Amino acid sequence: MTVVAIEQSRHQNTKISGTEGHPHAATLNLASVVMAEIAQASLDFPIVFSKDSRTGRFICSALLGLAEAENLFHNGKGWSSTYVPMNIQRAPFII
């Protein structure tokens with residue numbers, strides 16, 4: 001993967017497709033959330049704190065499924081809840 005800065009002159013005709021319905025999140029069972037979205041996200045998802053085994057730090061996340069690769073809020077065609085966590089919405093624009 002090559003990371004480049006977005007420039008209007010170079011990328012003005014570039015389009016992102018395939019993100020409708022957030023198919024990249026179909027197998028996520030956790031989505032990290034930030035303080036600003038906890039109130040809204042908690043209306044649709046349980047909010048949990050999990051410990052990162054590599055760093056020992058705690059991560060605030062929306063619980064999407066109990067089993068590995070299980071997302072109960074993605075029905076195969078798209079998102080089935082009223083709120084989509086920002087971490088999922090902003091893909092593919094995350095590094």
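Since this is a predicted model, take the numbers as computed values, not measurements.
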Legend entry - Shared hydrophobic cluster, L64 / L66 (ILVMFWY, side-chain heavy atoms < 4.5 Å):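 No, no single cluster joins them.
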
Inset, instruction - Go through the structure and list residues passing side-chain hydrogen bond (donor to acceptor under 3.5 Å, both in side chains) with S50, not counting sequence neighbours. - result: none

Legend entry - For N75, all residues meeting side-chain hydrogen bond (donor to acceptor under 3.5 Å, both in side chains), sequence neighbours excluded: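 Partners of N75 by the side-chain hydrogen bond (donor to acceptor under 3.5 Å, both in side chains) criterion come out as none, since no residue qualifies.
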
Going from [atom1] on [X] to [atom2] on [Y], what distance comes out if it is rounded to the nearest 0.5 angstrom?
| X | Y | atom1 | atom2 | answer |
| --- | --- | --- | --- | --- |
| F45 | S61 | CZ | OG | 12.0 Å |
| T82 | D44 | OG1 | CG | 3.5 Å |
| L30 | N87 | CG | CG | 11.0 Å |

Name all residues meeting the side-chain contact (heavy atoms from CB on, under 4.5 Å) criterion together with [X]; count only those two or more places apart in sequence or in a different chain, and write none if there are none.
| X | value |
| --- | --- |
| E7 | S9, R10, H11 |
| S42 | I47 |
| T55 | D52, R57 |
| L43 | none |

Inset, instruction - Taking all non-hydrogen atoms of both residues into account, name the closest pair between E70 and L72 and its distance. - result: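 Where E70 meets L72 most closely, the heavy atoms are OE2-CD2, 3.6 Å.
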
Inset, instruction - Evaluate the criterion side-chain contact (heavy atoms from CB on, under 4.5 Å) for residue pair M86 and V34; output intermediate values, then yes/no. - result: CA-CA 8 Å; M86 286 190 287; V34 296; 3.4 Å; yes

Any side-chain heavy-atom pair from [X] and [Y] closer than 4.5 angstrom?
| X | Y | result |
| --- | --- | --- |
| N71 | W79 | yes |
| S80 | H74 | no |
| V33 | I88 | no |

Inset, instruction - Please say whether more than 12 non-hydrogen atoms of neighbouring residues, nucleotides or ligands are located less than 6.0 Å from CD in E68. - result: no

Legend entry - Donor-acceptor pair, side chain of S81 and main chain of F73, under 3.5 angstrom: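 No, because the side chain of S81 does not come within donor-acceptor range (under 3.5 Å) of the backbone of F73.
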
